[in-house]
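Written out below as structure tokens is the structure these notes cover.
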There are 2 protein chains.
Amino acid sequence: MAIGRSPSVKDVAAAAGVSLGTVSNVMNRPEVVSPATRDRVERAMAELGFVRNESARQLRAGTSRTLAYVMLDGSNPFFHDVAQGIELAAEDADLALFICNSNARADREALHLDRLMQQRVQGVLITPVDPESAHLADVARRGIPIVLVDRVAPGEFCSVAVDDVLGGRIAVEHLVEQGHERVAVIGGPESLGQMRERLEGARQFWAEQGLPPEDLTFMPTAAMTVAEGRSAGERLAGIPARRRPTAAFCANDLLALGLLQQAIGAGLRIPDDLAIVGFDDIEFAAAAAVPLTSVRQPRQELGKAAAQLVLEEAAAATHRHRQLTFTPELVARASTRSH
Amino acid sequence: MAIGRSPSVKDVAAAAGVSLGTVSNVMNRPEVVSPATRDRVERAMAELGFVRNESARQLRAGTSRTLAYVMLDGSNPFFHDVAQGIELAAEDADLALFICNSNARADREALHLDRLMQQRVQGVLITPVDPESAHLADVARRGIPIVLVDRVAPGEFCSVAVDDVLGGRIAVEHLVEQGHERVAVIGGPESLGQMRERLEGARQFWAEQGLPPEDLTFMPTAAMTVAEGRSAGERLAGIPARRRPTAAFCANDLLALGLLQQAIGAGLRIPDDLAIVGFDDIEFAAAAAVPLTSVRQPRQELGKAAAQLVLEEAAAATHRHRQLTFTPELVARASTRSH
DNA sequence: CACGGCGCCTGAAACATTTCAAACACTCGA
DNA sequence: TCGAGTGTTTGAAATGTTTCAGGCGCCGTG
């Protein structure tokens, strides 16, 4: 019971009266060691409180048994649901999962990536600040498989995302079905490929219906946060009633929640005065005072698929990057449905 | 540029025409190597794209440069804010942070702890499923510093938490100040020490004011989730109006959000028909349709302090467990304040 | 009895890094 | 000219694990 340092295989071997190799075999290929010996070794391990040293194991193996996920924004539950999916897949593959959070800052992202390379992780799942960053390409060049989550970069990387054009389309389609003729699309910044596609989907449908383009207003925001949603609400309120949109499609749920809060505070009735559609369908969307209609992303599946993709890339000798696209789905709730 | 395996110090040494030791010195004690040599080595490293192998480093050092946080419930933003605080502290100490999620399941928690021991992490921050679990004590016995977050176990572990009795007290104090004479306390399960203390604080204040005990109703829930909040709202609605509480103190914000949603859906005006106080003050509390009054925990500070505590324990040869207690603070918003 | 085969176990090498005593090359002062 | 001191570099050892070629003893068969 004297604990100077934690016991090693050597100590176990000595205690059990066998060689190092045998102890290792007990752990890794129990079938090749005789039951009697195995028993003796296992008893010794228990007695000494032996715990494998993962560093040594990794050193020998050359690669760690670890996956990493670099989250873009820890305060958005969407990414946690994705993380959950990744974790499930990692567990299936008996891998540990390292979760980092770049908080949308490129320097922190770079720091994390550096560390992950030093750890020799098996693969990196990431929603990057900028999919075209040199640092990211650097990591890939060193042979570490990378999969983009909720972002795409055809040719460069594997990725997992939903069809954002379709997402934008079904959101606006739903609003038009409910009889709305003036709709605002809220989100940004426009540099986000995702944002551009959702907007494009909305415009496509609008055009196909032969509706006047000026009745689909794009209201850009600086970020996709609750606060920006509120301020978009204020801008919306400033529009003269005759021309004001009767419905808003927000590019994520945080925006939608902010907008909802501002609108209710201003005395608007939802959905009668203003209908709202969000995007992502995070849990808090359903939990809002007026439950939020939202374009659902299969969040867990996204994570799972990403993990599988990265493992595939890690295993395959030769590999072609693949872009996996999931189909979003509209979940209608009270924020667009007048009973 | 031929990459079979990633280059090691040996390769760098060869390329720079120096010995292994010198390369190591360049990285770890640059002041002892001559500028000319240092330059040559650094150039070689850049050229080869050398990346330190953290496993080997750890193996030699005997301990990793990693902290771990085992979250209780990934779907509760409270824990992410704590994680954020931990991450900041870890970064200051130049440590990596391993984030795991037990999802309130003891088996997953045990799995994570096992893995963390194998990784030889420097310390573990955890909100355990059960603070008295044998597994936890096991880890501690192996000399890995453990700090409980948002839980306490005097004598056994270091911990960081808020004064829950006080928290319960100020919540109810606020409601009484607003003129409420019948109050419900909602939360559970009662096996949670935290819950018992918040309830006790509420009762203490109530008694001190000489208010009739039967007017402070405890409504137990099976968990602290949005869904449970909704169902508590239904139970509340079932009470005859004459005896029904005019205010509710929920033991966390998720419950409060659920209750708020149910109440609004049932046509109640908040706070006139029902005032609501939550606990934690997560961001979504302020973002609710009716912004939620809440007992604020200093979430980030909690995390930071926990990280510092674990580092302290890791550094000190001799150590006495400490219980850090923070002071909660009431943040009044529209859910209790009739303008 | 000899020999091949089998089951079980051993010993040594290898992984990439850090550390540390010792060596080396210089310079300066006596 | 020798010795001490200084600044720089080296070489070897050590960390804990896995792997793998080989060894030992035993059984059954020829």
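Note that this is a predicted model, so its numbers are computed, not measured.
The nearest whole Å value for the distance from the CG atom in A:L20 to the C1' atom in D:dG16 is 9 Å. Going from atom CD of B:E31 over to atom P of D:dT8 covers 11 Å, rounded to whole Å. Atoms CD (A:Q119) and P (C:dT17) sit 14 Å apart, rounded to a whole Å. Note: CG (A:L59) to C1' (C:dA13) measures 13 Å, nearest angstrom. The CD atom of B:Q58 sits 13 Å away from the C1' atom of C:dT18 (whole-angstrom rounding). For A:R29 and D:dT18, the CZ to P distance is 10 Å, given to the nearest whole Å. The CZ atom of B:R40 sits 11 Å away from the C1' atom of D:dT9 (whole-angstrom rounding). Residue A:N28 contributes atom CG, which lies 11 Å from atom P of D:dT17 at whole-angstrom precision.
Across all strands shown, A:S55 has no heavy atoms under 4.0 Å from either base or sugar-phosphate atoms. Heavy atoms of A:V23 sit nowhere under 4.0 angstrom from any nucleic acid atom. Among the atoms of the strands shown, base atoms are found under 4.0 Å from some heavy atom of B:S24. At the heavy-atom level, B:T22 lies under 4.0 Å from base atoms of the strands shown.
Between B:G21 and B:R120, the residue anchored closer to the 5' end of DNA chain D is B:G21, taking for each the nucleotide with the nearest heavy atom. In terms of position along DNA chain D, the nucleotide closest to B:V32 lies nearer the 5' end than the nucleotide closest to the other residue of the pair B:A56 and B:V32.
Taking CG of B:N101 as the start and CZ of B:R108 as the end, the distance is 6.0 Å to the nearest 0.5 Å.
Each end of the helix from C:dC1-D:dG30 to C:dA30-D:dT1 gets its own axis from five base pairs, and the two axes differ in direction by 70°, given to 10 degrees.
Ranking C:dT18, D:dT9, C:dT10 by closeness to the A:S19 side chain, first place goes to C:dT10. Residue B:V33 places its side chain closer to D:dT9 than to any other of D:dT9, D:dT10, C:dT18. Checking D:dC20, D:dG16, D:dT8 against every side-chain atom of A:V9, the shortest atom distance belongs to D:dG16. Listed candidates were C:dT17, D:dT9, D:dT18. Nearest to the side chain of B:T37 is D:dT9.
Contact of the A:L311 side chain with the A:L95 side chain is registered, since non-hydrogen atoms from C-beta on lie closer than 4.5 Å.
Under 4.0 angstrom from either OP1 or OP2 of C:dC8 there lies no side-chain N or O belonging to A:R38. In this model, the phosphate group of D:dT9 is approached by a side-chain N or O of B:S34 to a distance below 4.0 Å at OP1 or OP2. Between C:dT17 and B:N53, no contact under 4.0 Å exists linking OP1 or OP2 to a side-chain N or O. B:R60 has no side-chain polar atom (N or O) that falls below the 4.0 Å cut-off from OP1 or OP2 of D:dA14.
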Step by step, would you call B:R120 with A:V51 a side chain to side chain contact (heavy atoms under 4.5 Å, CB included)?
-> CA-CA 9 Å; B:R120 300 290 193 270; A:V51 176; 3.5 Å; yes
Is there a side chain to side chain contact (heavy atoms under 4.5 Å, CB included) between B:V23 and B:V18 once you walk through the steps?
-> CA-CA 7 Å; B:V23 177; B:V18 297; 3.9 Å; yes
Going through the checks in order, is the side chain to side chain contact (heavy atoms under 4.5 Å, CB included) test met by A:L148 and A:Q323?
-> CA-CA 9 Å; A:L148 264 37; A:Q323 276 70 44; over 6 Å; no
Apply side chain to side chain contact (heavy atoms under 4.5 Å, CB included) to the pair A:N53 and B:Q118, showing each step before the final yes or no.
-> CA-CA 5 Å; A:N53 183 323; B:Q118 295 184 3; over 6 Å; no
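More than 12 non-hydrogen atoms from other residues, nucleotides or ligands lie less than 6.0 angstrom from CD of B:E91.
Aromatic pair B:F98/A:F98: ring centres closer than 6.0 Å.
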